[in-house]
There are 2 protein chains.
Amino acid sequence: MPKIVDHEKRRKQIAEATWRVILNEGIEGATVRNIAKEANISLGALRHYFATQDELLVYAMNLVKEQATERIKKIVVQDSQPKEIILNVLLELLPVNEETKAEMEVWFAFIGHVRHKQGILKLHDDGVYEGIKVLVENMVEYGLLKDGLDKEMETERLYSLIDGLALHAILEPGRLNKEKITRVLTYHLESIWV
Amino acid sequence: MPKIVDHEKRRKQIAEATWRVILNEGIEGATVRNIAKEANISLGALRHYFATQDELLVYAMNLVKEQATERIKKIVVQDSQPKEIILNVLLELLPVNEETKAEMEVWFAFIGHVRHKQGILKLHDDGVYEGIKVLVENMVEYGLLKDGLDKEMETERLYSLIDGLALHAILEPGRLNKEKITRVLTYHLESIWV
């Protein structure tokens with residue numbers, strides 16, 4: 001196996017260790033020392049793969065985005081009805097299973113951290129706004145959107161609904177389980193679909 | 001002035017210093033040392049008013065909640081149309097001015113921090129869900145809600161919309177200014193009102 005593959009594989013393992021640390025201890029616990037320990041490597045070895053803590057955090061977040069994008073790409077090519085595809089794509093952005101729950105926990109911890117590092121770290125764009133904009137345009141193309149609705153407003157509304165639901169589901173998992181999240185999302189979509 | 005008033009006044013001043021530290025440096029910078037410095041008192045004096053950092057943070061967050069509640073109480077007794085009152089109450093929960101912006105920044109920093117202190121700190125209930133539930137019930141009482149809408153679903157939808165908008169407005173103030181926030185909220189309310 002060429003060395004470059006080993007290198008990337010090891011970087012991924014370290015990123016995954018980073019997620020575990022954030023999930024268990026929050027972003028405050030995500031020091032290079034703790035991450036090295038979780039990844040079972042020395043501090044020197046970790047520095048070989050990531051020069052700074054910020055570089056590691058940005059890499060770990062990009063990996064979350066890539067994973068979600070891969071899952072969504074698989075849904076989009078499925079042989080299903082447009083309405084079903086749209087609903088399933090949106091569910092990938094909500095904490096409805098262990099994988100998406102962990103992604104969102106890490107995400108919220110990360111944006112809180114990055115907020116106060118302006119100039120050092122650029123706020124990472126998760127691409128969700130752009131993705132939802134495309135979904136609303138798809139609704140128009142497939143003739144799903146009710147007459148008289150405003151595309152820009154529907155994009156903002158759906159985008160806020162998704163991230164608000166994600167936030168509440170993480171903070172109040174007892175009240176907002178998968179079944180209820182799906183019910184609220186379906187209720188909203190049916191209110192704007194023909 | 002009786003001593004108890006001085007004591008409470010000083011606690012408020014320390015809480016306000018805590019907000020300033022969180023706004024400037026994030027929750028990671030909100031150490032007792034930094035807060036004492038910002039409040040211009042000794043570490044010993046701070047410990048006299050708050051035994052632990054957690055006690056101080058919880059007090060500072062409760063003060064945010066009290067402030068917002070006071071403002072909302074004033075709106076509710078105004079001699080305006082129910083629709084206008086509801087819109088204005090909801091705007092108090094969104095970062096549309098310096099005061100509410102600061103409150104929400106502090107809030108998001110705080111919930112990120114508390115998440116990983118379970119057992120030590122109970123997640124602080126901001127009362128927004130209960131408040132929105134009451135607003136939706138008021139809509140029904142005043143005959144504002146369209147026929148056929150589901151109260152429980154409308155509560156969840158409005159609650160998610162508010163917190164999603166708040167989150168996005170803090171992260172992307174360039175895209176979501178006061179005018180646009182108000183437009184999205186009004187658009188949503190008009191879609192459910194008769």
Side-chain angles (χ1 to χ4, degrees), chain A residues 21-31 94 105 107-118 123-126 128-129 146 148-150 152-172 175-176 180-181 183-192, chain B residues 21-31 94 105 107-118 123-126 128-129 132 146 148-150 152-172 175-176 180-181 183-188 190-192:
Chain A
V21 171
I22 292 178
L23 286 174
N24 290 328
E25 303 173 46
I27 198 86
E28 292 146 281
T31 59
L94 288 163
E105 287 269 9
W107 182 258
F108 281 117
F110 180 78
I111 54 173
H113 175 71
V114 167
R115 291 285 301 145
H116 299 280
K117 294 228 167 191
Q118 271 152 7
L123 185 67
H124 176 88
D125 177 17
D126 62 6
V128 173
Y129 180 74
K146 278 184 185 157
L149 296 184
D150 180 313
E152 186 199 3
M153 290 292 107
E154 292 305 337
T155 303
E156 291 295 345
R157 196 153 73 126
L158 187 52
Y159 180 41
S160 292
L161 183 77
I162 292 291
D163 276 350
L165 273 177
L167 182 66
H168 296 156
I170 281 178
L171 296 176
E172 305 159 85
R175 198 172 53 82
L176 273 171
K180 187 148 183 193
I181 291 173
R183 203 146 54 89
V184 177
L185 181 58
T186 307
Y187 179 89
H188 177 68
L189 291 174
E190 282 177 356
S191 81
I192 63 171
Chain B
V21 171
I22 293 178
L23 285 174
N24 291 327
E25 304 172 45
I27 197 87
E28 291 147 283
T31 59
L94 288 162
E105 287 270 8
W107 182 259
F108 281 118
F110 181 76
I111 55 174
H113 174 73
V114 167
R115 291 287 299 147
H116 298 279
K117 293 227 164 191
Q118 271 153 6
L123 186 67
H124 176 89
D125 177 16
D126 61 7
V128 173
Y129 179 74
I132 287 181
K146 278 183 184 157
L149 296 184
D150 179 313
E152 185 198 3
M153 289 291 107
E154 293 304 338
T155 302
E156 290 294 346
R157 196 153 73 126
L158 187 53
Y159 180 41
S160 292
L161 183 76
I162 292 291
D163 276 350
L165 273 177
L167 182 65
H168 296 155
I170 280 177
L171 296 176
E172 304 158 84
R175 197 173 54 80
L176 273 172
K180 188 148 183 191
I181 291 173
R183 203 146 54 91
V184 176
L185 181 58
T186 307
Y187 180 90
H188 177 69
E190 282 177 356
S191 81
I192 63 172

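Chain naming here is simple, since letters A, B, ... match the order of the sequence lines and numbering starts at 1 in each. Keep in mind it's a predicted model, so treat the numbers as computed, not measured.
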TODO: Could you tell me whether A:Arg183 and B:Glu156 make a salt bridge, using a distance below 4.0 angstrom between a side-chain N and a carboxylate O?
DONE: no
Open item on the list: So for A:His168, is it side chain, backbone, both, or neither that comes closer than 4.5 Å to the heavy atoms of chain B?
Closed with: side chain
Open item on the list: Between B:Tyr187 and A:Asp150 (side chain of the first, backbone of the second, donor and acceptor by atom type, cut-off under 3.5 Å), is there such a pair?
Closed with: yes
Open item on the list: At a 4.5 Å cut-off on heavy atoms, which part of A:Tyr129 comes close to chain B: side chain, backbone, both, or neither?
Closed with: side chain
Task: Per-residue contact mode, A:Leu185 against chain B (heavy atom under 4.5 angstrom) - done: neither
Open item on the list: For the CZ atom of B:Arg157 and the OG atom of A:Ser160, what is their distance to the nearest 0.5 Å?
Closed with: 12.5 Å
Task: Which atoms of A:Ile22 approach chain B - backbone, side chain, both or neither, heavy atom under 4.5 Å - done: backbone
Open item on the list: Would you compute the distance between atom OG of A:Ser191 and atom CE of B:Met153 and round it to the nearest 0.5 angstrom?
Closed with: 12.0 Å
Task: Partners passing side-chain contact (heavy atoms from CB on, under 4.5 Å) against B:Ile170 (at least two apart in sequence or in another chain) - done: A:Arg115, B:Pro95, B:Met104, B:Glu105, B:Phe108
Task: Member of A:Leu161, A:Leu165, A:Leu167 meeting the side chain to side chain contact (heavy atoms under 4.5 Å, CB included) criterion with B:Asp163 - done: A:Leu167
